[in-house]
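Worksheet for the structure shown next.
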Amino acid sequence: MTAAGAAALPTSPSFDFSDGATALFMHKQAWCPTVMQCAGYDHINKHWYVAQVMYNPGDGVSYAKRKSEGDIAITKLSADGSTKLGRMYLRGFGHGAQIGVETTGAGSAPYIWIEYDSKPNSSDTGFGTKLCRIKYMGPAASQPPRSFHWDDPADRTAMNFKDRTPDPLKLPGAGTTLGSPRPVVDMQHKRVLVRFTRNGQLQCAVWDLNTAVAAPLGAPLHHFADLPRPVHAAQGFCLYGSYLYMYEGEPYAGGGPTNTADVGTTHITKIDLNTGATQRGLTRALKSLVFREPEGMNIMLVPDEARPGAFRPRLTFGFASGESGDRRVNIAYKDALI
């Protein structure tokens, strides 16, 4: 439900769930052989940024250690996913399950909104406990890699690191603490949404992007106090206008794709943040993939041929595929609006 006293968001169109999904690209490689966690798009420079657990088999550090300590790799990919253009290693940040990409201009690196200050959970997987905004600083693919530590002063300066963890005391309703803050950026409407846990509920709040860039997060434009909990594993979310989209599911577990009776558990839920109305549906997008674990959701803006200089949105959602030790990146999208 919307919190008392929260302003309504200007009403926007929403994505039509009856629209079939289209493959943007399939079977592409990120920098590391691990499962992709999320992907976001810089629509001005036409680059993808893919987050995953950092793991390079030749560097002597085990995957288990990287996952426990919350080390993330951000791979910069070409628009079609075919070319690895660079990478940025984030040490001790978290899992990278949801990122926001803030485009800054032609020829300029974007800012990445992402979790940080990783702590291992009961399964020894590191997840961030706070939220920050950092400049993408990955060297080109032809250059040696570079790692950035969130708690190193020189690295923080290089990334123009800014803490943007919401202050629970400035949110509507009760609750002096919050957990698991995760961000997404809506570049079309210039807003940032943060999802978090508070008072045993899954909540979210929305801020004006320019305001959120200029100063720590204060009172939000909008607050939603009780989001529906996913039935399956939470795999990402995104904001477009007045609607939140949530992504959930697990890999094939019943013989898919060769067993056509295994339809998977990948679902998308649409939530009207003004009214609370929800719609949830199974997606069979990219059903031929091996493994097919849903991973990450974001809005991709593409040029609108009918309106020169304007952009139209695509609801993009990722899947990890392939065998263990050689996971691949796949992106599907819907673009019909109602």
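Note that this is a predicted model, so its numbers are computed, not measured.
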Of all heavy-atom pairs linking Ile99 and Cys38, the shortest is N-SG, 3.6 Å

Does a side-chain heavy-atom distance below 4.5 Å link Arg182 with Phe196?
no

Any link between Val302 and Val101 through a network of hydrophobic side chains (Ile, Leu, Val, Met, Phe, Trp, Tyr) touching at under 4.5 Å?
no

Polar side-chain atom of Arg198 near backbone of Pro168 as donor-acceptor pair, under 3.5 Å:
yes

Does Trp113 use its side chain to pair, donor to acceptor, with the backbone of Val185 at less than 3.5 Å?
no

Does the structure place the NZ or CZ of Arg66 under 6.0 Å from the centre of the six-membered ring of Tyr55, at an angle of no more than 45° from the ring's axis?
no

Tell me whether Lys130 is salt-bridged to Asp117, with the criterion being a basic N under 4.0 Å from an acidic carboxylate O.
yes

Tell me, do Asp167 and Pro216 make a side-chain contact under 4.5 Å, heavy atoms counted?
no

Can you see which heavy atom on Ala174 is nearest to which on Asn199, and at what distance?
O-ND2, 2.5 Å

Within the side chain of Thr83, is there an N or O that forms a donor-acceptor pair under 3.5 Å with the backbone of Leu85?
no

Can you tell if the side chain of Cys132 reaches within under 4.5 Å of the side chain of Ile114, non-hydrogen atoms only?
yes

Nearest 0.5 Å, please: how far is CG in Leu24 from OH in Tyr333?
6.5 Å

For the pair Leu131 and Val194, evaluate side-chain contact (heavy atoms from CB on, under 4.5 Å) and give the outcome as yes or no after the intermediate values.
CA-CA 9 Å; Leu131 178 65; Val194 181; 3.5 Å; yes

Residue pair Phe161, Tyr116: steps toward the side-chain contact (heavy atoms from CB on, under 4.5 Å) verdict:
CA-CA 11 Å; Phe161 179 101; Tyr116 80 98; 3.6 Å; yes

Hey, is the main chain of Pro257 close enough, under 3.5 Å, to the side chain of Thr260 for a donor-acceptor pair?
no

Just by distance, do the side chain of Asp19 and the backbone of Asp335 share a donor-acceptor pair under 3.5 Å?
yes

Any heavy-atom pair between the side chains of Met54 and Ile72 that's under 4.5 Å?
no

Taking 4.0 angstrom as the limit, do Arg133 and Glu102 come out as a salt bridge?
yes

Atom OG in Ser288, atom CG in Asn330: separation rounded to 0.5 Å?
8.5 Å

Looking only at heavy atoms, what is the nearest atom pair of Ala79 and Trp48, with distance?
O-NE1, 3.2 Å

Min side-chain heavy-atom separation Leu202-Asp226 under 4.5 Å:
no

Pairing of Asp272 and Lys270 as salt bridge, 4.0 angstrom limit:
no

Between CG on residue Asp304 and CZ on residue Phe311, distance to nearest 0.5 Å:
9.5 Å

Parallel, tilted or perpendicular: which one describes the rings of Tyr136 and Tyr49, with boundaries at 30° and 60°?
perpendicular

Whether the Ser12 and Ser242 side chains hold a donor-acceptor pair (N or O, under 3.5 Å, no angle test) is what I'd like checked.
yes

Minimum heavy-atom distance Gln98-Met297, with the two atoms named:
NE2-O, 3.3 Å

Polar contact flag, side-chain donor to acceptor under 3.5 angstrom, Thr316-Asn298:
no

Using only heavy-atom distances, determine whether the side chains of Tyr89 and Asn56 contain a donor-acceptor pair under 3.5 Å.
yes

Contact summary for His149 and Asp155, nearest pair of heavy atoms:
N-OD2, 2.8 Å

Between the side chains of His95 and Glu115, does any donor sit under 3.5 Å from an acceptor?
no

Check: residues 245-254 side-chain donor-acceptor pairs under 3.5 Å, at least two apart:
residue	atom	partner	partner atom	Å
Tyr245	OH	Phe15	N	2.9
Tyr247	OH	Gly318	O	2.9
Glu248	OE1	Val231	N	2.9
Glu248	OE1	His232	N	2.8
Glu248	OE1	Arg280	NH2	3.1
Glu248	OE2	Arg280	NE	3.3
Glu250	OE1	His232	ND1	3.3
Glu250	OE1	Thr265	OG1	3.2
Glu250	OE2	Ala233	N	2.8
Tyr252	OH	Arg284	NH1	3.2
Tyr252	OH	Lys287	O	2.5

For the side chain of Arg156 and the backbone of Lys162, is there at least one donor-acceptor N/O pair under 3.5 Å apart?
no

Would you kindly say whether Lys67 and Thr125 are connected by a side-chain donor-acceptor distance under 3.5 Å?
yes

Same cluster or not: Leu244 versus Ile299, using hydrophobic residues (I, L, V, M, F, W, Y) connected whenever any side-chain heavy atoms lie under 4.5 Å apart?
no

Evaluate the side chain to side chain donor-acceptor pair (under 3.5 Å) criterion for residues Asn45 and Asp42: first the C-alpha distance (whole Å), next the side-chain angles of each, then the deciding distance (0.1 Å), finally the verdict.
CA-CA 6 Å; Asn45 297 293; Asp42 176 345; 3.0 Å; yes

Does Thr275 reach the main-chain N or O of Ala277 with its side chain, forming a donor-acceptor pair under 3.5 Å?
yes

Let me see the working for Val206 and Val192 under side-chain contact (heavy atoms from CB on, under 4.5 Å), right down to the final yes or no.
CA-CA 6 Å; Val206 179; Val192 59; over 6 Å; no

Nearest-0.5 Å distance that lies between atom CG in Leu227 and atom OG1 in Thr197:
11.5 Å

Pairwise side-chain contact, Phe291 with Val35, heavy-atom cut-off 4.5 Å (strictly under):
yes

Would you say Phe93 and Met137 are hydrophobically clustered, going by side-chain heavy atoms of ILVMFWY under 4.5 Å?
yes

Basic-acidic side-chain contact under 4.0 Å: Glu305, Arg312:
yes

For His27, give me all partners under ring-ring contact (aromatic ring centres under 6.0 Å, His included), at least two apart in sequence or on another chain.
none

Please report the closest heavy-atom contact between Lys135 and Ala109, naming both atoms and the distance.
CE-CB, 4.1 Å

Backbone of Cys32 reached by a side-chain donor or acceptor of Gln52 within 3.5 Å:
yes

Do the side chain of His222 and the main chain of Ala7 share a donor and acceptor less than 3.5 angstrom apart?
yes

For a side-chain contact (heavy atoms from CB on, under 4.5 Å) check, start with the C-alpha distance between Arg328 and Met26, then their side-chain angles and the critical distance, and finish with the verdict.
CA-CA 8 Å; Arg328 299 302 178 101; Met26 298 175 67; over 6 Å; no

Between Thr75 and Lys84, a side-chain donor and acceptor under 3.5 Å
no

Does Phe25 share a hydrophobic cluster with Val50, counting links as ILVMFWY side-chain heavy atoms below 4.5 Å and allowing steps through other members?
yes

Heavy-atom side-chain contact between Val61 and Glu69 under 4.5 Å:
no

Hey, do the aromatic rings of Tyr41 and His47 have their centres closer than 6.0 Å?
no

Is there a side-chain contact between Ser108 and Ile44, using heavy atoms and a 4.5 Å cut-off?
no

Under 3.5 Å, side chain of Lys190 to main-chain N/O of Met187, donor-acceptor pair present?
yes

Could you walk me through whether His189 and Tyr240 pass ring-ring contact (aromatic ring centres under 6.0 Å, His included), step by step?
CA-CA 8 Å; His189 300 93; Tyr240 185 76; 4.7 Å; yes

